Amino acid sequence: MPKLISGAEIVFKALEDQKVEYIFGYPGGAVLPIYDELKNHKSIKHILARHEQGAGHAAEGYARSSGKPGVLLVTSGPGATNAVTALTDAYMDSVPLVCISGQVPTHLIGTDAFQECDTTGITRPCTKHNWLVKDVNDLARVLHLAFEVATTGRPGPVLVDIPKDIQFKKGKYKFTKNSLKKKLNGKAKHKISNKEVDKFIELITKSSKPIFYTGGGVINSGPDASKYLRELVALTGFPITSTLQGLGAYPGDDQQFLGMLGMHGTYEANNAMHDCDLMINIGARFDDRITGKVDEFSPKSKKIHVDIDPSSIGKNIKVDLAIVSDVSELLKNLILRFKEKNKNFLSSNKQKTSKWWEQIDKWRDKKSLNFINSEKIIKPQHAVQRLYELTKDQDTFVTTEVGQHQMWAAQHYKFNKPNRWMTSGGLGTMGYGLPAAIGVQIANPGKLVVDIAGEASVLMTMQEMSTAVQYKLPIKIFILNNEYMGMVRQWQELLHEKNYSESYTAALPDFVKLAESYGCIGIRAKTPDELDKKIKEMIEVDKPVIFDCVVDKSENCFPMIPSGKPHNQMILGPEEEEEISDEGKILV
C-alpha cells in the first residue's frame with residue numbers, strides 16, 4: 001500500500017516528477033503549508049516576487065524563453081486576483097503556465113471567509129482549464145493533468161485551487177507517465193493527410209504573388225519548426241512576414257523577410273499581404289491589429305491557414321485550405337513531399353514570381369521605417385538601433401513593456417533566433433517586461449537580457465527590481481523616457497485634437513537614484529554622442545541596471561495603419577496624418 005503523504009508534499013512530488021526547477025510566487029495564509037514543505041525539496045528553487053502579477057509575468061518570461069511551463073504559486077483572495085492579469089496575458093499569448101493557488105478550508109468555502117474569493121469562477125475565462133480540489137486523493141491526478149493541459153495543443157495557463165485543509169490532509173500519490181491521451185479541450189492530435197499536403201503544394205505551385213504570414217505558433221511549436229520554416233522559405237523563394245509574436249522564427253536580417261506586418265508593420269509587408277494571390281498563414285490568428293478593416297483584407301488571395309487550435313480557423317477570416325496541425329509536424333511533411341514532387345521549383349519559379357519581387361522592391365524603396373534623426377536629442381528609433389548594433393553579436397534576449405517603445409523595438413531590433421523576443425501582444429500589458437526579464441534571466445543564466453521599456457509602463461512593476469537584486473539577476477532595463485504614456489499621447493494627438501488628457505507623467509522618479517536605492521546600477525544618456533558609450537557600460541556591468549535614455553518627447557511611431565482603414569492604406573509619417581473616422585476611433 002502506498003505511503004500516505006500530505007497534500008503539500010503531493011504538490012512538490014508532482015512538481016518534481018514534472019521536472020520543475022523554479023517556481024515564482026508570494027506566500028500568504030492559505031498557502032503556508034505548501035511553503036512550509038518547500039524546505040524539504042532542494043531540487044526546486046522558489047523565486048520570491050514582490051507582487052503576484054510580477055510572479056506571473058516572470059513565470060511567463062521563463063516559459064517563453066525556455067520552452068518549459070512556468071509555475072506560479074499564490075495565496076487565496078487577493079493573491080489569486082493579483083495573478084489574473086498575468087493569467088489573462090498568458091491566455092492571450094498562448095504561454096504555458098501552471099498556477100497553484102491556496103484557498104480557504106473547504107468548510108468555509110462560500111461563507112465570505114477572510115481572503116476568500118471564487119478563484120475558479122474568476123479565472124475560468126482566462127485559463128484553458130481550472131480545478132478546485134476538494135479531495136486530497138484527487139490532487140496528484142489533477143496536478144499532472146494541469147501540466148498536460150497547459151503544454152499540449154495550443155499552450156496556455158491553467159489553475160489548480162487547493163483549500164488549506166487539503167494541503168494538510170494525507171492521501172495517496174500516484175504518477176504514471178503517458179497515462180493521458182492527448183485529446184484535451186477538443187484539440188485532438190490531427191493526422192495530416194496527403195490530400196491536404198498535396199492541395200497545399202498545388203496552391204504554392206500555381207501562385208505568382210505568394211507570401212508566408214507567420215505567427216507565434218511557429219515559436220510555440222519548438223525550435224524544429226523555425227528550422228523547417230527557414231528551409232521551406234529557401235525552397236520556395238517566397239517572401240515572408242511575421243506578426244509581433246512570430247519575430248525570430250525567421251531571421252530578421254534575411255533578404256526574403258519583409259519585416260513585421262500589422263498596425264505598425266512595414267509598408268512592404270502590409271502591401272504584399274493586401275496584393276498577394278496566395279497567403280500562407282502558419283501559426284497566426286488573423287488578429288485585428290493585422291487585418292485592419294476586415295472586409296477589405298487581402299481581397300483577391302487564396303488563403304491557407306495552419307493552426308493547432310481548430311477554434312482559431314475561420315474565426316476572423318474565411319480561408320480556402322484549413323489544416324489543424326502542429327506547425328513543426330506539418331512543415332516536416334510538407335517539405336518532404338514538396339522535394340519529391342518539385343525538385344527544381346526554385347529555379348523554374350523565379351520567372352513566375354519575378355514581377356512580384358519587383359513590386360515588393362518598389363514598396364521597400366519607400367523605406368517606411370526611416371525617421372529624421374537628430375544630433376541634439378536622442379530619437380527613440382535611433383536608441384533601439386544602437387542597442388541592436390551593440391548587442392547583436394551576442395545571444396541577447398529582449399523583453400518589452402507595452403506602447404511606442406514596444407513597436408520601435410519590434411521594428412528596429414532584428415531577431416534571428418526563436419524564443420529571444422518576449423512581449424505582451426494579445427493583452428498589451430503595461431508592466432510585463434521587467435518581471436518577464438527576471439524569468440528569462442532565470443532560464444538563461446549568463447545571457448544578456450534587456451527589457452526595452454517605457455517610463456510609464458515600467459513603473460507598474462518597478463518593485464520587481466528588488467527581486468532582480470535579491471537573486472543577483474543582471475537584467476538591463478532600457479527605458480525610452482519621453483515622460484508620456486507614449487502610445488496614449490500619440491492616439492490623443494491623432495484622434496482627440498491633441499488633448500493630452502492625463503497621459504503626461506508630472507512626477508517621474510530620478511531613475512538613476514531609484515536604481516541606486518534598490519542596490520543596482522543607474523545610467524542616464526541625454527545626448528546622441530554619449531549613447532554608445534553608455535550602452536556599452538550597461539552591457540558590461542554584471543549587475544541589474546536601470547538605464548534612463550532621455551528621448552524626444554514628441555516622436556510618434558510610424559508607419560501605422562489608421563484605425564478603421566484597410567491594411568494597405570498606411571500613414572508613413574507625420575506629414576501624411578489624416579483625420580480618423582468615428583468608426584476608426586472606436587477600434588483603437
Side-chain angles (χ1 to χ4, degrees), residues 49-58 60-61 82 85-86 89 378 380 383-384 387 396-410 413 421-425 427-441 448-470 473-490 502-526 534-535 538 541 543-553 555 557:
R50 273 33 179 190
H51 188 286
E52 290 87 356
Q53 181 186 346
H57 294 323
E60 283 189 274
N82 281 345
T85 298
D89 192 89
I378 300 171
V384 175
L387 179 68
T396 305
F397 293 72
V398 174
T399 69
T400 76
E401 309 297 330
V402 166
Q404 287 177 318
H405 64 274
Q406 176 190 31
M407 293 298 104
W408 284 318
Y413 202 105
W421 165 249
M422 278 62 58
T423 194
S424 174
L427 194 62
T429 307
M430 293 173 73
Y432 168 88
L434 195 165
I438 286 170
V440 173
Q441 192 76 78
L448 177 62
V449 180
V450 183
D451 171 28
I452 299 176
E455 81 293 329
S457 275
V458 79
L459 285 173
M460 287 198 168
T461 51
M462 181 55 82
Q463 71 277 1
E464 300 304 329
M465 284 308 291
S466 184
T467 303
V469 171
Q470 178 178 338
L473 304 170
I475 60 172
K476 318 301 182 191
I477 310 303
F478 190 74
I479 301 172
L480 301 180
N481 184 354
N482 59 12
E483 298 181 14
Y484 279 92
M485 298 172 209
M487 196 60 88
V488 174
R489 185 202 59 74
Q490 178 167 337
E502 302 301 324
S503 56
Y504 176 70
T505 309
L508 283 171
D510 180 324
F511 284 109
V512 172
K513 287 181 179 175
L514 184 63
E516 290 164 357
S517 74
Y518 275 115
C520 56
I521 304 297
I523 300 171
R524 180 176 291 117
K526 287 183 172 180
K534 296 286 181 80
I535 290 174
M538 176 188 80
V541 69
K543 274 188 166 186
V545 174
I546 298 176
F547 189 112
D548 184 15
C549 187
V550 180
V551 300
D552 189 338
K553 294 179 178 60
E555 194 73 10
C557 186

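Computed from a predicted structure; not experimentally measured.
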- Query: Among side-chain atoms of Thr467 and Glu464, is any donor-acceptor pair under 3.5 angstrom?
  - Reply: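 Side-chain D/A pair, Thr467 to Glu464: present.
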
- Between the side chains of Gln406 and Thr423, is a donor N or O closer than 3.5 angstrom to an acceptor N or O?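 Short answer, yes.
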
Do you know which two heavy atoms are closest between [X] and [Y], and how far apart they sit?
X: Gly454; Y: Ile479; answer: C-CG2, 4.0 Å
X: Ala437; Y: Ile475; answer: O-CG2, 3.6 Å
X: Ala525; Y: Ile378; answer: O-CD1, 3.7 Å
X: Thr429; Y: Gln53; answer: CG2-NE2, 3.8 Å
X: Leu427; Y: Asp89; answer: CD2-N, 3.5 Å
X: Gln463; Y: Tyr518; answer: CA-OH, 3.4 Å

Using a 3.5 Å distance criterion without hydrogens, assess whether the side chain of [X] forms a donor-acceptor pair with backbone atoms of [Y].
X: Asp451; Y: Leu434; result: yes
X: Gln490; Y: Cys557; result: yes
X: Lys476; Y: Lys543; result: yes
X: Ser503; Y: Met485; result: no

As an exercise, state the distance from [atom1] of [X] to [atom2] of [Y], rounded to the nearest 0.5 Å.
X: Ile452; Y: Leu387; atom1: CD1; atom2: CG; answer: 5.0 Å
X: Glu60; Y: Ile438; atom1: CD; atom2: CD1; answer: 13.5 Å
X: Cys549; Y: Ile477; atom1: SG; atom2: CD1; answer: 14.0 Å
X: Glu516; Y: Ile546; atom1: CD; atom2: CD1; answer: 10.0 Å
X: Asp548; Y: Lys534; atom1: CG; atom2: NZ; answer: 10.0 Å
X: Leu448; Y: Gln441; atom1: CG; atom2: CD; answer: 8.0 Å

- Task: Apply side-chain contact (heavy atoms from CB on, under 4.5 Å) to Leu459 and Phe511, showing your working.
- Result: CA-CA 10 Å; Leu459 285 173; Phe511 284 109; 4.0 Å; yes

- More than 12 heavy atoms of other residues, nucleotides or ligands under 6.0 Å from NZ of Lys526: is that the case?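 No, NZ of Lys526 has 12 or fewer neighbouring heavy atoms, counting only those of other groups under 6.0 Å.
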
Quick one: does [X]'s side chain get under 4.5 Å of [Y]'s, heavy atoms only?
X: Met487; Y: Met430; answer: no
X: Pro380; Y: His405; answer: no
X: Glu483; Y: Thr505; answer: no

- Working for side-chain contact (heavy atoms from CB on, under 4.5 Å), residues Tyr432 and Met422: CA-CA 9 Å; Tyr432 168 88; Met422 278 62 58; 3.8 Å; yes

- Task: Output, in order, the C-alpha distance, side-chain angles, deciding distance and verdict of side-chain contact (heavy atoms from CB on, under 4.5 Å) for Arg489 and Gln404.
- Result: CA-CA 10 Å; Arg489 185 202 59 74; Gln404 287 177 318; 3.7 Å; yes

- side-chain contact (heavy atoms from CB on, under 4.5 Å) between Thr399 and His57: does it pass, once the steps are laid out? CA-CA 11 Å; Thr399 69; His57 294 323; over 6 Å; no

- Message: Under the side-chain contact (heavy atoms from CB on, under 4.5 Å) test against Tyr484, which residue among Asn481, Asn482, Val488 passes?
- Response: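 It is Asn482, the one option of Asn481, Asn482, Val488 that forms the side-chain contact (heavy atoms from CB on, under 4.5 Å) with Tyr484.
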
- Query: Any idea how Phe547 and Phe478 line up, ring-wise: parallel (<30°), tilted (30 to 60°), or perpendicular (>60°)?
  - Reply: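 If you compare the ring of Phe547 with that of Phe478, the planes turn out tilted.
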
